[in-house]
Amino acid sequence: METVEIDTDARPEPAPETEGSHGRGAYYATTPIFYVNAAPHLGHAYTTTLVDVVTRYHRLKGDDTFFLTGTDEHGEKVAKAAEKAGMTPQQYVDGVADQFRATWDRLGIRYDEFIRTTEERHQKVVREILQRVYDNGDIFYGEYSGLYCVGAERFVTEKEIVDGKCPDSDDPPEYRTEANYFFRMEKYRPWLRETLEENPDLIRPERYRNEVLAMLREPIGDLSISRPRKRVPWGIPLPWDDEHVTYVWFDALINYYSALASKGLEERYWPSVEHFIAKDIVKPHGLFWPIMLKAAGLPLYQHLNVHGYWLVNERKMSKSIGNVVRPLDLQKKYGNDAFRYYLLRDMNFGLDASFSETGIAERINSDLANDLGNLLNRTLGMLARYRDGVVPAAGALDPLDQELRDAFTALPAEVGRLFDQLQFDRALETIMEAVRKANKYVSETAPWELAKDPARAERLDTVLNTCVEALCCASILLEPVIPGKARELRKQLGIKRAPFDYASASQWGLVPAGTRTAPAEPLFPRIDLEELERAIAEPEPEPLEHQAEIAIHDFGRVELRVVTVEKVEPHPNADKLLVLTVRMGPETRTVVSGIRAHYEPDQLVGKKLILVANLKPVTLRGVRSEGMILAAEDADGNLSVATLDRDLPDGSEVR
Ligand code: MSP
């Protein structure tokens, strides 16, 4: 087999720092493209908000910035979700992609491009890259047997399995043998190892680089990159063999490049690409993707930036645990900017963080209302009281004034450094420290005392002017995180000049004397914590939901029968399901029922239950189910099967 070597070792030069008019550095940042089998939740919103913040920061610095997000729409998982929803895969993915877009719009996310893997422009690039790698001899045909997890869409190794379940999806994997195309990853292992060793911050923070380096210490094997089309029709056919479709990860990762290539933007932005992901998908991004790029003759990314999880009640969010937090609920309650501030301030990049709604309220009350809001409020109040709402010019500076000015003019460099190092929590804390300093400065200079003495009018001017400048500086630095409120703050100060660039934050004297301020309005209203805690502890009871009324003949279409349970076994592939063999007069039926958490098989044998007998049969995880057992469930999830009050023969009709 012929192998063509292409020199892709050269990593692009880092984007040049922006210096005034001396050209603009490019900055291209991506979120993962999210699976469309679930609606957007807090975790998706975090990464997307984070990339929105970093790209706003770079835009403010004058960089030529591009922000990509999108949806990952192929694969078995999506096809199954569509089937469950009774739609075609295309109808289904169109709906969820719209939902993602609408969520980002409502959260004020300013992405430049939204890529969907079902778009032809993406598929075309995937085919081109596949063909290139195939022609180079890095893809071969072979057979593979092993444990496959549908949820995670990959084969899992014995070592990875915890309690019989896949670590990614918590589903039990199934044994599969498949003839597939394989990508020669193992061949590139020494190269990737060297690359990671030579570029210590390629994957950051370090713990995730170490994770990938540990994987590279042992053979990584070759990657199965196709699925038989007969089994998984929902995917991109391989350009040289349309009996196979592309493995979802090989398809999905290419989005980062296809979104640019489809617009002719690859030369402009690819050399500066920064990926942002959470720790769940380090392996495909740290192992598969660099090797795919290398094999395709494309330069490597600048950095893979990996954050931790938002935990809710100490657990990763999941539908089955029932701890999924919806970002739009929080946005409605607390507003976009406070929600963004909380996300950035309360997570230390790279580590997990605990989400709590009281945490948001506490941040609002302390940082945003007490520190920032208070400084604005008192400054505007004093300007209205002592200077008819007009910003005065500063006079000679006292040491206290100088000290505060120095603290603020030094901020942009320090905050910028922290932003560049992805230390968003510390960047925000540094800004708030300065804001607290400014509040302290007001107490120390006591403008209300100065106002009593006409001889100290110039001193009062200087103090008021200093407060306005400090606020203006803080508003520029906070702009990437709280863009709406930063603008509102400047509007209340009467500042017309817009937009500021990042560098201007270090130039004192941005607000001309004579600027007319507006009456103060609370920037971030305080939250009543006690009331919130009460509401969380005692949520309003949900009203019992009734279905729409039906006519008696509608009900008559349901055939209900008494059945006797003859045999009960656990479902071989699903730990929530039992397989019941029931007798219904002369007939025997198999019924799959989701009651395994509530009944031991023995408890059911011999019981007379009620079966929905004319339900269309379905196959549940490989077992055909011919009907449904009736059961009652209370609000806490306690469950009881419906039984008879008197002994009647099985087969009897229930009306
Ligand atoms: N489709 C793949 C990614 C393909 S990228 C080429 C995928 N999708 S996903 O919908 O499961 O999204 C995973 C990502 O969602 C995480 O990497 C992270 O960005 C975000 N988060 C999901 N849950 C999260 C938390 N609990 N906390 C923080 N972020 C989380 O994987």
Side-chain angles (χ1 to χ4, degrees), residues 29-52 54 68-78 81 93 96-97 99-100 103-104 109 114-118 122 125-126 129 149 151-154 166-170 203 208 235-236 246-259 273-290 292-293 301 304-319 321 323-327 342-344 346-356 424:
T30 68
T31 71
I33 47 169
F34 301 110
Y35 286 132
V36 288
N37 59 336
H41 64 51
L42 176 77
H44 307 130
Y46 173 69
T47 319
T48 311
T49 301
L50 185 74
V51 174
D52 189 64
V54 291
L68 175 73
T69 189
T71 38
D72 188 353
E73 305 187 353
H74 285 127
E76 260 182 289
K77 207 161 39 171
V78 173
V93 297
V96 189
Q99 204 182 341
F100 269 91
T103 303
W104 302 152
I109 304 288
F114 191 100
I115 184 99
R116 300 179 51 189
T117 53
T118 50
H122 167 74
V125 178
V126 172
I129 289 183
C149 172
E153 314 238 17
R154 67 181 181 91
C166 160
D168 298 356
S169 69
D170 240 18
I203 298 177
Y208 301 111
I236 305 176
T246 314
Y247 168 51
V248 269
W249 272 105
F250 202 98
D251 159 358
L253 286 160
I254 293 174
N255 91 88
Y256 300 132
Y257 188 76
S258 71
V273 57
E274 297 278 341
H275 297 310
F276 289 83
I277 61 166
K279 62 185 187 181
D280 51 344
I281 49 179
V282 166
K283 188 172 177 183
H285 285 81
L287 215 58
F288 308 170
W289 185 221
M292 283 167 64
L293 287 168
Y301 45 72
L304 178 63
N305 306 292
V306 187
H307 63 76
Y309 289 148
W310 278 101
L311 303 177
V312 180
N313 303 331
E314 309 307 318
R315 308 273 300 269
K316 195 186 174 206
M317 265 174 289
S318 108
K319 248 204 261 173
I321 303 175
N323 62 346
V324 175
V325 176
R326 298 280 167 218
Y342 167 77
L343 290 180
L344 275 282
D346 276 41
M347 180 175 264
N348 181 332
F349 193 90
L351 303 180
D352 291 350
S354 281
F355 170 83
S356 80
F424 306 102

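Counting convention: from 1, in listed order, for ligands and their atoms alike. Bear in mind the structure is a predicted one, so any value in this text is a computation, not a measurement.
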Q: Is Ile33 close to ligand 1, meaning an N/O of one under 3.5 Å from an N/O of the other?
A: yes

Q: Take every heavy atom of Pro284, measure it against each atom of ligand 1, and state whether any distance is under 4.0 Å.
A: no

Q: If we only consider heavy atoms of Trp289, is any one of them less than 4.0 Å away from an atom in ligand 1?
A: no

Q: For atom 28 (C) of ligand 1, which of the options His41, His307, Glu73, Lys316 provides the nearest non-hydrogen atom?
A: His307

Q: Does an N or O from Tyr46, backbone or side chain, lie closer than 3.5 Å to an N or O of ligand 1?
A: no

Q: Evaluate Thr47 for polar contact with ligand 1, using N/O atom pairs at a separation under 3.5 Å.
A: yes

Q: Looking only at distances, can you tell me whether any N or O atom of Asn255, backbone or side chain, sits closer than 3.5 Å to an N or O atom of ligand 1?
A: no

Q: Could you check Ile115 against Tyr256 for side chain to side chain contact (heavy atoms under 4.5 Å, CB included), going step by step and ending with a plain yes or no?
A: CA-CA 9 Å; Ile115 184 99; Tyr256 300 132; over 6 Å; no

Q: Counting only nitrogen or oxygen atoms and a 3.5 angstrom limit, does Ile281 reach ligand 1?
A: no

Q: Between Phe355 and Trp310, what is the ring plane arrangement, given parallel below 30°, perpendicular above 60°, and tilted in between?
A: perpendicular

Q: Which residue holds the protein heavy atom closest to atom 11 (O) of ligand 1, what is that atom called, and what is the gap in Å?
A: Tyr35 CD1, 3.4 Å

Q: Over 60° means perpendicular and under 30° means parallel, so tell me whether Phe349 and His307 are parallel, tilted or perpendicular.
A: perpendicular

Q: With the threshold set at under 4.0 angstrom, would you say Phe276 reaches ligand 1 through any of its heavy atoms?
A: no

Q: Is the side chain of Asn37 donor-acceptor paired with the backbone N or O of Ala81 at a distance under 3.5 Å, no angle test?
A: no

Q: Identify the closest protein heavy atom to atom 5 (S) of ligand 1: which residue and atom is it, and at what distance?
A: Tyr256 OH, 3.3 Å

Q: Which residue owns the protein heavy atom closest to atom 24 (C) of ligand 1, what's the atom, and how far is it?
A: Gly43 CA, 3.4 Å

Q: Do the side chain of Tyr301 and the main chain of His285 share a donor and acceptor less than 3.5 angstrom apart?
A: yes

Q: Taking Ser318's backbone N and O only, do any of them form a donor-acceptor pair with Asn323's side chain (distance below 3.5 Å, no angle check)?
A: yes

Q: Is Lys279 salt-bridged to Asp352, cutoff N-O under 4.0 Å?
A: yes

Q: Identify, for atom 16 (C) of ligand 1, the protein heavy atom at the shortest distance, and state residue, atom and that distance.
A: Asp280 OD1, 3.3 Å

Q: For the pair Thr31 (side chain) and Thr47 (backbone), establish whether a donor and an acceptor sit closer than 3.5 Å, ignoring hydrogens and angles.
A: no

